[in-house]
There are 2 protein chains.
Amino acid sequence: MPSATVENYLKSILKLSMECERGEVPMGMIATSLGVTPGTATSMMKNLQKEKWLSYKSRKGVRLTPSGKKIGMIMIRRHRLLETFLVETLGLDWSEIHEEAEVLEHAISEKVLERLDIFLGKPRHDPHGHPIPTKNGIIRRLPKKTLLDSLVGTKMKIESILDQSPEFLTFAQAKGLMPGRMVTLVKNEKVADTIELQVEKMPKFSLGYKTAQKILVSD
Amino acid sequence: MPSATVENYLKSILKLSMECERGEVPMGMIATSLGVTPGTATSMMKNLQKEKWLSYKSRKGVRLTPSGKKIGMIMIRRHRLLETFLVETLGLDWSEIHEEAEVLEHAISEKVLERLDIFLGKPRHDPHGHPIPTKNGIIRRLPKKTLLDSLVGTKMKIESILDQSPEFLTFAQAKGLMPGRMVTLVKNEKVADTIELQVEKMPKFSLGYKTAQKILVSD
DNA sequence: GTATAGTTTTTGATTAGTCAAAGTGTAGCA
DNA sequence: TGCTACACTTTGACTAATCAAAAACTATAC
Ligand SMILES: [Mn+2]
Ligand SMILES: [Mn+2]
Ligand SMILES: [Mn+2]
Ligand SMILES: [Mn+2]
């Protein structure tokens with residue numbers, strides 16, 4: 001029923017509302033995240049409210065209704081299952097799958113998706129370590145701990161990569177920064193704004209603070 | 001570059017021009033085949049001509065240029081490879097894949113398609129027996145012989161099913177009318193407009209003349 | 001040769017999604 | 001308490017794709 005455009009809006013709004021937990025999602029964030037002008041976002045919010053997918057308070061922001069949340073969650077599921085298929089079955093690189101899935105997610109039917117889920121063995125997370133919601137919209141909470149929050153000398157497991165850009169993903173892969181790998185924080189240079197890392201037996205390397213926050217880990 | 005709508009138009013026009021070999025494809029056929037009003041087809045033809053995908057002569061019809069033909073052929077390839085994937089890999093029924101592929105064909109990139117082609121072992125025809133064009137747009141010619149053109153008592157191989165409707169495909173499957181099966185024309189009742197058939201060791205059954213022409217065979 | 005039926009084209013309108021640019025509201029500083 | 005900068009909304013315009021209905025052709029059939 002919703003158009004591909006509407007699907008993208010609802011998915012983005014859901015992701016934003018899960019990230020920055022603060023009630024309403026503001027217009028600016030929505031516009032930026034979808035790459036449209038603020039006016040476009042405003043007028044779209046009115047349409048989405050008319051369809052009962054969210055409630056919109058002028059100059060306050062927007063909050064998804066259960067039906068809007070449901071569509072958003074379905075889109076996240078489609079996206080991540082497709083990414084998994086593209087890497088696991090077709091052997092594409094994890095840096096190039098996001099854009100592919102961004103289009104395919106609007107074309108795949110519920111029926112095909114469920115077959116794909118079975119074919120893939122009901123995976124729990126995509127190649128970037130992002131949790132895949134169940135058919136009923138239940139999604140695992142990601143750990144909040146980033147590489148930056150860890151203590152020097154401790155060994156941690158990489159859970160998830162938050163940056164989807166091909167450039168960063170290619171870099172991360174080269175350094176071994178991938179979900180499942182074990183990483184040790186060798187040094188934390190506060191003054192230089194960097195940390196030094198070692199992934200398993202690979203060579204050490206440095207990461208800026210900002211980048212370090214894009215890697216989620218668990219002990 | 002072309003929108004999904006344009007892709008559908010070019011694919012349909014190419015298929016029509018291959019079926020009814022008579023120079024130009026008339027407006028009415030295009031409109032019917034795409035399920036739009038004649039006026040819509042006319043105005044779209046002007047746009048497609050502007051983009052150099054075809055040449056349009058008012059009240060004559062339309063003829064694809066090489067670039068239009070190329071896009072059309074790519075769409076046929078995408079459609080048929082996707083149908084093959086949906087049946088071979090995901091196990092969907094051959095009666096339900098046409099509609100799925102009709103949407104997915106606009107969402108799949110060249111890169112993913114070529115991976116899929118390799119994954120499937122470079123199939124030469126789809127589940128309905130339709131030939132899959134190569135990457136360079138070369139397509140096998142279908143036999144022109146239908147069940148109706150065959151002699152009583154001869155055993156023939158089913159090559160292709162021309163009707164895409166789920167109802168007919170479900171019926172055909174139940175009767176064993178599928179590409180690769182051997183079929184014998186038992187009787188030809190001209191006065192009753194029917195033929196009687198036997199597929200391998202399955203029970204005999206009848207088909208109307210019109211329907212019989214939807215099944216392509218070879219000796 | 002005209003009348004007519006069937007096709008095709010034209011015209012005018014609609015919808016979804018978008019932008020640019022002008023206008024408005026407000027949070028926080030002075 | 002008032003000002004200003006920034007966030008947001010409004011307005012007017014545009015494009016792609018479509019339809020309904022009126023108008024214009026054209027191929028026959030008589
Ligand atoms: Mn998308
Ligand atoms: Mn991902
Ligand atoms: Mn299509
Ligand atoms: Mn087919």
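Protein chains get the first letters and strands the later ones, always in sequence-line order, with residue 1 at the start of each. Note that the structure is a prediction, hence the values are computed from the model and not measured.
- Regarding contacts with the backbone of C:dT8, every side-chain N or O of B:Ser58 stays at 4.0 angstrom or more from both OP1 and OP2.
- Residue B:Tyr9 places at least one side-chain N or O closer than 4.0 Å to OP1 or OP2 of D:dT18.
- Scanning for side-chain hydrogen bond (donor to acceptor under 3.5 Å, both in side chains) contacts around A:Arg115 gives an empty result, with sequence neighbours left out.
- The side chain of A:Thr42 places no N or O atom within less than 4.0 Å of a non-bridging phosphate oxygen (OP1 or OP2) of D:dC8.
- Side chain of B:Asp126 to main chain of B:Gly129: a donor-acceptor pair is present (N/O by atom type, distance under 3.5 Å, no hydrogens or angles).
- Taking every heavy atom of residues 25-33 of chain B and every atom of DNA chain C, pairs under 4.0 Å involve B:Pro26, B:Met27, B:Gly28, by number.
- With values rounded to the nearest 0.5 angstrom, B:Leu147 atom CG is found 5.5 Å from B:Leu197 atom CG.
- Taking B:His125 as the reference, B:Arg140 meet the side-chain contact (heavy atoms from CB on, under 4.5 Å) condition, with sequence neighbours excluded.
- Checked against side-chain contact (heavy atoms from CB on, under 4.5 Å), B:Lys187 has the following partners two or more places apart in sequence or in another chain: B:Glu189, B:Glu196.
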Could you list the donor-acceptor pairs under 3.5 angstrom formed by side chains in residues 35-57 of chain B, with sequence neighbours left out?
{"unit_1": "B:Thr37", "atom_1": "OG1", "unit_2": "B:Thr40", "atom_2": "OG1", "d": "2.9"}
{"unit_1": "B:Thr42", "atom_1": "OG1", "unit_2": "B:Pro38", "atom_2": "O", "d": "3.2"}
{"unit_1": "B:Ser43", "atom_1": "OG", "unit_2": "B:Thr40", "atom_2": "O", "d": "3.4"}

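- B:Ser3 comes within 4.0 angstrom of the backbone, heavy atoms only, and of no base.
- A ring-centre distance under 6.0 Å is not found for A:His79 and A:His130.
- Distances were taken from every side-chain heavy atom of B:Val36 (C-beta onward) to each of D:dA17, D:dC19, C:dT9; the shortest belongs to D:dC19.
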Give every pair of a protein N or O atom and an N or O atom of nucleotides 20-24 of chain C that lie under 3.5 Å apart, one pair per line with the distance.
{"unit_1": "C:dT24", "atom_1": "O2", "unit_2": "A:Arg59", "atom_2": "NH1", "d": "3.3"}
{"unit_1": "C:dT24", "atom_1": "O2", "unit_2": "A:Arg59", "atom_2": "NH2", "d": "3.3"}

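- Judged by distance alone, the side chains of A:Thr5 and A:Asn8 never bring a donor and an acceptor atom under 3.5 Å apart.
- Between B:Tyr56 and C:dT9 there is a side-chain polar atom (N or O) within less than 4.0 angstrom of OP1 or OP2.
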